[in-house]
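Here's the structure we're looking at; comments come further down.
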Amino acid sequence: MRGSADVIVVGARCAGSPLAALLARQGVDVVVEQATFPRDTLSTHLFEADALAFLDRLGVSDRLRQTGAPFMRRVANRTEDVHWTVEWPQIAGDIGGIASVRRHVLDPILAEAAEDAGAEVRMATKVIGLLEDAGRVVGVRVAGESGEGDLRARLVVGADGRNSTVARLSGARKYNVTPNERADYWAYFEGADMGPEPTFVFHRWEDRMVVANPTDSGLYQVQVLPELREVDGFRRDLEARFTDHAMSCEPVAAALEGAGRVGKFLGMVRWQGFFRDASGPGWVLAGDAGHFKDPAPGRGIGDAFLQADALAPAIVEGLGRSDPGLDRAMTRWGRWRNREFADYYWFGCDMGAAGPLPAVLPEIVRGLDARGKADRVLEVTSHRTVPSAILMPRLPGAVARLLARRRGKRISILRELGTLMTRDLRRRWLNRRPAYVEASTGATDVGPTEVEESAVPAPAR
Ligand SMILES: Cc1cc2nc3c(=O)[nH]c(=O)nc-3n(C[C@H](O)[C@H](O)[C@H](O)COP(=O)(O)OP(=O)(O)OC[C@H]3O[C@@H](n4cnc5c(N)ncnc54)[C@H](O)[C@@H]3O)c2cc1C
């Protein structure tokens, strides 16, 4: 197998395929993907208004609708003791608030869009090495059905996920690593009562977190995110623990009455959030390969689209220049990536943290809800308002209200505020001076992705 291209994109899911589609419209690229689609990947699959708008621009919204997945507008939230139901905020050009399409359904649509745009998508083709010349990556070594071979390119894009081969082989360093504090288990149900209006349910209270929504093909997906201390119990009796968590969320209990589970429970108990060096001579990382965050806010897919959308023009511009000029264009894009996602990264950590939320957060939501503005929180989840723009201006008022209402708890409220402010300062520092994980310590490895598949068969209906 031999060949050459301007750009090789490694990986054909949320980052790789849209990037390939955008590049192919400019006449540049080839995509290699080790899997053969349709094939599932271990991920839930919510994406928000910005992602839906992007997919519409990509030309695939009709294909998405044909999957049967509703583009939801209604959101039923619980933030500790604050229950708030709102419409997902949308702007001109939006086609819906939030949607959920299983990955073995979504990803082939994305890969087809790349092919339709003119990209050459080579499935069952695994990158096993990088070709280098004088310290510069100049292509990839691949293994496929017809044996091994070399593909040369001016730029190799690693869109190959959080355990990226391109990142490992190019020596991209990880930084600002954060371990997960909750696991994520999910299952699909048929015959669920989804009510008159498709609704996205997001409840986070005390140590619990339950997320549920209609997905494609008439199925209802339920996710529970227990704290890691509960994982042993989940391993012992997944069905009972999952059901206990799911049914403690009222809208989910109502939806599941009379419903039956379809297929196995799926789950993941270990991951790390991180950034990686975004680029180097002849290579750049996109999507999870360069930046993975806690899945609690459901942003990995939308962020992969945002990155592809910004990377494509940067690549086209860079290809018109010398090799150092191309590398500089990738460096600039990497700086954009870091600025664009830093605040949201820490927000994702907070959403996925163990334990109840700090008291000021539900207090801020309560205040917004009282003024009919709680939907502004969802602008954060659509990557349209940075978390600090919602939280910081409202922090003093929320603290004042808490201090007035909970006189006996003033010291603990102030202590919690102190912890939050210190943490915020440290994060700002890390945004400017990243804490790298040295490869020599072995700590760079994300570790095996642990798959929890229950032996419990789906009950007969
Ligand atoms: C438990 C969990 C739940 C999640 N839930 C959500 C959610 O609800 N919403 C959301 O937005 N995000 C969610 N995410 C995040 C989301 O899965 C990712 O952000 C998203 O898949 C990133 O897409 P990607 O294209 O960068 O990488 P991936 O989807 O990982 O795709 C990488 C591709 O590269 C291919 N590849 C890898 N190595 C090679 C190689 N050597 N050669 C060729 N091909 C290769 C792989 O086969 C794969 O197809 C979740 C993640 C987890 C772990």
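First listed ligand is number 1; within each ligand, the first listed atom is number 1.
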Under the salt bridge (charged side-chain N to carboxylate O under 4.0 Å, His left out) criterion, do Asp94 and Arg384 qualify, and how do the steps go? CA-CA 12 Å; Asp94 281 354; Arg384 286 175 172 161; 2.7 Å; yes
Salt bridge or not for Arg102 and Asp216, using N-O below 4.0 Å? yes
For residues 303-319, the side chain to side chain donor-acceptor pair (under 3.5 Å) pairs (sequence neighbours left out) are Arg57-Asp309, Lys293-Asp303, Arg299-Asp303, Glu317-Arg321, Glu317-Arg332
All pairs passing ring pair (Phe, Tyr, Trp, His ring centres under 6.0 Å) where residues 3-52 contributes a residue, at least two apart: His45-Tyr188
Residues pairing under ring pair (Phe, Tyr, Trp, His ring centres under 6.0 Å) where one sits in residues 199-227, two or more places apart or in two chains, turn out to be His83-His203
Ligand 1: which residues have a non-hydrogen atom closer than 4.0 Å? Val10, Gly11, Arg13, Cys14, Ala15, Val32, Glu33, Gln34, Leu42, Ser43, Thr44, His45, Leu46, Arg103, Thr125, Lys126, Val127, Ala159, Asp160, Gly161, Thr165, Asp184, Trp186, Met268, Gly287, Asp288, Phe292, Pro295, Gly298, Arg299, Gly300, Ile301
Hey, is Arg136 close enough to Asp133 for a salt bridge, meaning N to O under 4.0 Å? no
